[in-house]
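Read through the structure below, which is laid out as structure tokens, and then see the notes.
All of these numbers come straight from a predicted model, not from anything done at the bench. Reminder, nothing fancy here: chain letters follow the sequence lines and each chain counts from 1.
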Protein chains: 2
Amino acid sequence: MISNKARYAFRALLTVAAAPEGEAVTSAEIARRYNIPHKFLEQILLDLRKAGILDSRRGKSGGYVMLRPADTVSFGEVLRIFEGPLAPLPCLSRQSYRRCEDCVSEAQCEIRREFGRAYDASRAVLDTRTIGDALTNSAYGTPWRREERQAG
Amino acid sequence: MISNKARYAFRALLTVAAAPEGEAVTSAEIARRYNIPHKFLEQILLDLRKAGILDSRRGKSGGYVMLRPADTVSFGEVLRIFEGPLAPLPCLSRQSYRRCEDCVSEAQCEIRREFGRAYDASRAVLDTRTIGDALTNSAYGTPWRREERQAG
DNA sequence: CTAAATGCCTACTTATTGAATAGGATAAAG
DNA sequence: CTTTATCCTATTCAATAAGTAGGCATTTAG
């Protein structure tokens, strides 16, 4: 299970990414819409800004906008911000490799081999699918897309 | 990251499964071999026995043996014993489904859809690969297999 | 210029979980 | 009847999850 924090982050990101270009979305609006504790969400949005994914505007008519295009932000990248390494074993993480204390021979470790497969399979999804992908073909989509669909 | 507990469980299971048929392996032996806290490992082996995966013999010349054949025990099954549901979201778990508090429409939730893909990919490995599979082609293998290889 | 609305930042709390540690009870073999 | 194992329960300690709280800083509408 991923943490609530991470889930809220995705909820917020998808909302900001789906908003019309250049239009800022406030933390209060997101919190209200998805029933997320407001102050908690603020911390999360702050993390996303520090990670260089969101940009923010303060004061009246402030809020959050995408800093990078939504289709350059993968689910894996976001997840790592809030959950740390996604690898199921320390010895499988490239970013923060650590030997397992109970490991005799890493090269011949069956646990490592099998979880390596699982990790690869999972990464093939998480590191390729982006926030943008998720919104394309979404029932929500961006507002203008929704109207497009109704019109067509 | 999976817990130490789960990793120790795999270590123990692979060891017992690799032992010659009918030969019991003691918790002390496993603990020594892999540098696992003995008393902690005892609890883990107990869980595996209660789950119907291992059988145990008490007293002198006691220890643990497989209750079910190693190739009927999947990595996913073992993992679930120690980690609970593997689903990344409560709404994706069949065993213990729970709605996300911040969900507006489950059927149209992009987060659910994308993590569903990741979960499927991961399960395709974890729920098909077994302890037996992992030992086949293993550099360790079972003792008699190792000798076979050296001989051939 | 001022007030209101918004984001920014830090500290604190509370409950749960992970990772053991501890101490003995029970059973089987020799 | 002693040794060697498993079996069972309780306790500890640290880290993490999931918020709560309170105020500072900035922008803009009036």
Before accepting this row, confirm whether a basic side-chain N of the pair D120(B)/R123(B) lies closer than 4.0 Å to the acidic partner's carboxylate O. yes

Taking the nucleotide of DNA chain D with the closest heavy atom to each, which residue, K60(A) or R57(B), is nearer the 5' end? R57(B)

Heavy-atom closest contact (R57(A) atom, G22(A) atom, distance): NH2-O, 3.6 Å

For S61(A) and for I2(A), locate the closest nucleotide of DNA chain D by heavy-atom distance; then report the residue assigned to the nucleotide nearer the 5' terminus. I2(A)

Report the distance from atom CZ of F82(B) to atom C1' of dA20(C), rounded to the nearest whole Å. 15 Å

Taking dC8(D), dC9(C), dT21(C) as options, the one with an atom nearest any side-chain atom of Q43(B) is dT21(C)

Look at the side chain of K39(B) and decide which nucleotide, out of dC8(C), dG23(C), dA18(D), has an atom nearest to it. dG23(C)

Please report the distance, rounded to the nearest Å, between CD in E29(A) and P in dA5(C). 15 Å

Tell me: CG of L46(B) to P of dA5(D), nearest whole Å? 17 Å

Measure the distance from CG on L41(A) to P on dG19(D) and round it to the nearest whole Å. 11 Å

For C103(A), does its backbone N or O pair with a side-chain atom of R99(A) as donor and acceptor, under 3.5 Å? yes

Gap between atoms NE2 and C1', on H38(B) and dT4(D) respectively (whole Å): 11 Å

Quick check on dG18(C): is either OP1 or OP2 less than 4.0 Å from any side-chain nitrogen or oxygen of N4(B)? no

side-chain N/O Y8(B) vs dA19(C) OP1/OP2, d < 4.0 Å: no

Rounded to the nearest Å, what distance is computed from the CE atom of residue M1(A) to the C1' atom of nucleotide dA18(D)? 16 Å

Side chain of Y64(A) (C-beta onward), nearest among dA27(C), dC8(C), dA19(C): dC8(C)

Does the dT6(D) base have a donor-acceptor partner in the side chain of R58(B) within less than 3.5 Å? yes

Would you say a side-chain N or O of R49(B) is under 4.0 Å from OP1 or OP2 of dA5(D)? no

Rounded to the nearest angstrom, tell me the gap between atom CG in D102(A) and atom P in dA19(C). 11 Å

Cluster question for you: counting only ILVMFWY and a side-chain heavy-atom cut-off of under 4.5 Å, with indirect links fine, are V125(B) and L135(B) together? no

Is the closest basic N to carboxylate O distance between R117(A) and E114(A) below 4.0 Å? yes

Counting just side-chain N and O atoms, does S27(B) come under 4.0 Å of either OP1 or OP2 of dT6(D)? yes

note: D47(A), atom CG; dT10(C), atom P; distance rounded to Å ~ 12 Å

Just compare dC9(C), dG24(C), dA19(C) and give me whichever is closest to any side-chain atom of F40(B). dA19(C)

In terms of side-chain heavy atoms of E42(B), which of dC9(C), dC8(D), dG7(C) is nearest? dC8(D)

The nucleotide from dA21(D), dT28(D), dA20(C) with an atom nearest the side chain of P37(B) is dA20(C)

Whether F75(B) and F10(B) hold their rings parallel, tilted or perpendicular, with breakpoints at 30° and 60°: parallel

